[in-house]
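Presented below is the structure to which this report refers.
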2 protein chains.
Amino acid sequence: MEARVAEQSSKRRVTLTRESILEAALRLCSPEGGGQLTFSRLGKELGADPTAVYRHFRDKDELVLALTDLTVQEGMELSRQALPDGPSDDWRAWLTVTAQSVRASYLARPALAVLAAARTTASPAETHSVEQLITVLHRAGLPVIEAAECYRALLDMTLAMTQYTAAFSILDRSAQEKDEAAWAVKYGMLPEDEFPLLHQSAPRLTELFRDDDGVFALVLTTFLDGVAARIERARKA
Amino acid sequence: MEARVAEQSSKRRVTLTRESILEAALRLCSPEGGGQLTFSRLGKELGADPTAVYRHFRDKDELVLALTDLTVQEGMELSRQALPDGPSDDWRAWLTVTAQSVRASYLARPALAVLAAARTTASPAETHSVEQLITVLHRAGLPVIEAAECYRALLDMTLAMTQYTAAFSILDRSAQEKDEAAWAVKYGMLPEDEFPLLHQSAPRLTELFRDDDGVFALVLTTFLDGVAARIERARKA
DNA sequence: ACCTGAACACCGTTCAAGT
DNA sequence: ACCTGAACACCGTTCAAGT
């Protein structure tokens with residue numbers, strides 16, 4: 001015989017607010033929160049009926065866009081904390097820290113990153129950070145239009161890499177293990193005569209498989225080397 | 001009174017094969033196919049009960065991995081057709097064509113790109129293309145380990161950007177329009193004194209919003225500029 | 001005004017029943 | 001051996017009913 005569960009859920013009416021919903025939703029999107037944002041989980045987290053959320057957000061998309069905005073805001077705050085002096089003359093350091101801050105902010109909620117990384121909200125937090133990014137690139141030496149193009153490339157690359165990592169991280173454990181085994185086992189056992197370079201670099205590649213941060217740092221630094229070359233060219237012209 | 005639908009579905013047993021399932025699944029993943037891969041749609045496409053597919057694939061993940069493999073294979077074939085001479089001494093042209101071929105192959109099936117871009121199958125098609133990529137970077141002047149790191153960065157960036165574009169493309173029409181409006185309307189109306197550079201470059205940014213290929217070309221060429229700088233440094237050392 | 005709960009059209013997956 | 005179809009535990013969303 002099992003212990004009877006008391007009427008713990010206390011079917012009394014709960015009062016929701018936009019803020020309490022967003023807070024609960026952010027918790028659900030985190031890895032500890034189970035990493036899945038659904039109405040039923042959200043209802044449980046809030047102690048309310050799942051459909052009660054519809055009184056505050058028209059649909060799931062509206063909820064997701066609101067969460068995106070909070071996350072972008074947090075990312076820019078993180079960047080400001082890391083570099084309190086703001087964009088100094090070292091454009092490269094500032095872009096690196098900013099890209100990594102936005103990425104970190106999203107990766108703290110992988111479920112949101114998957115849903116929202118490709119979205120544009122045109123919120124104040126977003127527009128201000130875009131102006132700042134273009135300004136830094138322009139001051140570094142790029143013409144305005146080229147600075148804008150460069151901002152777009154850098155941001156999309158950062159968000160895309162973030163979504164990519166987040167998508168993998170919320171896969172079933174079994175699917176993740178399947179991929180890890182592919183790297184560790186198959187790539188480690190390739191015949192040396194047919195795959196000489198792969199055979200030689202397999203240990204490093206297997207290492208990188210677990211190191212998303214390392215891969216992103218690699219992509220970012222290579223990209224910024226390219227930006228530096230572009231600035232050099234613009235200065236000469 | 002409506003016309004009666006004849007027993008068109010002919011509830012006779014259908015014989016499925018691994019190949020016919022994969023073919024039908026690829027069709028469903030394409031934009032014309034509705035852009036969603038589900039068992040019920042797959043059953044309808046095959047004229048069979050949705051659950052019949054389980055006799056040929058253990059679960060959806062197995063199906064997705066098989067589709068991924070076909071897509072990677074097709075991408076490498078596309079690259080070979082575009083550059084029949086293989087990786088000549090122009091490493092940059094070859095990497096550009098290869099990255100764009102893999103991307104094009106995935107973007108022909110956005111639903112698959114979203115599900116599979118971050119996966120590793122270690123299939124023959126995959127391992128051979130990896131060896132080839134590392135070889136090209138090594139011949140261009142990078143030490144083996146650095147060439148492997150560079151391959152990983154380039155491939156992940158390409159797949160991430162592909163997944164990012166695919167994820168947006170399979171969104172509801174309403175969600176896409178919401179984002180487009182954010183760019184076109186809000187970004188176009190920002191006050192010039194507060195957002196001087198954004199105001200100036202808004203037309204170009206709105207243009208880029210619709211131009212995924214353009215943004216990817218921009219990211220890729222900047223990244224490859226960075227690789228060129230890296231090769232230069234390696235040669236001097 | 002806002003929360004509840006039944007209902008609906010979907011998902012992936014399991015399993016007993018058919019052929 | 002392999003396809004069918006009912007069933008289950010989930011999704012997002014709608015709507016009438018409660019308070």
Side-chain angles (χ1 to χ4, degrees), chain A residues 7-22 24-25 28-29 33-67 111-112 114-116 119 167 170-176 178, chain B residues 7-22 24-25 28-29 33-67 111-112 114-116 119 167 170-176 178:
Chain A
E7 301 164 352
Q8 53 178 13
S9 76
S10 77
K11 275 294 165 218
R12 191 176 292 139
R13 277 170 71 109
V14 177
T15 301
L16 303 178
T17 63
R18 204 183 144 82
E19 284 68 38
S20 69
I21 293 171
L22 290 174
L28 286 185
C29 289
Q36 278 278 47
L37 180 64
T38 72
F39 278 86
S40 67
R41 293 166 67 96
L42 192 49
K44 216 166 282 173
E45 182 81 10
L46 289 161
D49 190 272
T51 64
V53 177
Y54 281 94
R55 247 50 60 192
H56 298 84
F57 295 91
R58 185 153 24 122
D59 54 21
K60 193 177 178 181
D61 197 57
E62 290 295 333
L63 178 59
V64 165
L65 288 182
L67 293 171
L112 178 64
V114 169
L115 291 171
R119 306 304 297 278
I170 65 171
L171 281 178
D172 287 346
R173 197 80 203 95
S174 68
Q176 289 187 28
K178 223 185 288 179
Chain B
E7 299 165 354
Q8 52 176 13
S9 77
S10 76
K11 276 294 165 219
R12 192 174 292 138
R13 276 170 73 111
V14 177
T15 302
L16 303 178
T17 63
R18 204 183 144 83
E19 283 69 36
S20 69
I21 293 173
L22 290 174
L28 287 184
C29 288
Q36 279 278 47
L37 180 65
T38 73
F39 279 85
S40 67
R41 295 166 66 96
L42 192 49
K44 216 167 282 171
E45 182 81 11
L46 290 162
D49 190 273
T51 64
V53 177
Y54 282 94
R55 247 51 59 190
H56 298 84
F57 295 92
R58 187 157 19 128
D59 53 22
K60 194 176 178 181
D61 197 57
E62 290 294 333
L63 178 59
V64 165
L65 289 182
L67 294 171
L112 178 63
V114 169
L115 291 170
R119 306 302 298 279
I170 64 172
L171 280 179
D172 286 345
R173 197 82 202 93
S174 68
Q176 289 188 28
K178 222 184 289 179

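Just so it is clear, the model here is predicted, and its values are computed rather than measured. Proteins get letters first, then strands, A, B, ... in listed order; numbering begins at 1 in each.
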Please state how far atom CG in L46(B) lies from atom P in dT4(D), giving the value in whole angstrom units. 10 Å
Sorted by chain and residue number, the salt bridge (Lys or Arg N to Asp or Glu O under 4.0 Å) partners of K60(A) (sequence neighbours excluded) come out as none
I21(A) CD1 to dC2(C) P: how many Å, rounded? 11 Å
Check whether D59(B) reaches the backbone of E62(B) with its side chain - one donor and one acceptor, N or O, closer than 3.5 Å. yes
Separation between CG (L46(B)) and CG (L28(B)), nearest 0.5 Å, reads 8.0 Å
DNA chain D in dot-bracket form (Watson-Crick or G-U pairs under 3.5 Å, [ ] crossing, | inter-strand) is ||.|||||...|||||.||
Do D172(A) and S174(A) meet the criterion of a side-chain donor-acceptor pair at a distance under 3.5 Å? no
By side-chain contact (heavy atoms from CB on, under 4.5 Å) - contacts of A66(B) (at least two apart): R18(B), L22(B), F57(B)
Quick one: what's the B/S/- string for nucleotides 10-19 of chain C, heavy-atom cutoff under 4.0 Å, read 5' to 3'? -SSBB---BB
Which residues pass the ring pair (Phe, Tyr, Trp, His ring centres under 6.0 Å) test with F39(A), not counting sequence neighbours? Y54(A)
Going by the rule salt bridge (Lys or Arg N to Asp or Glu O under 4.0 Å), which residues pair with R41(A) if we only count those two or more places apart in sequence or in a different chain? none
Could you check whether any side-chain heavy atom of L16(A) comes within less than 4.5 Å of a side-chain heavy atom of R55(A), counting everything from C-beta outward? no
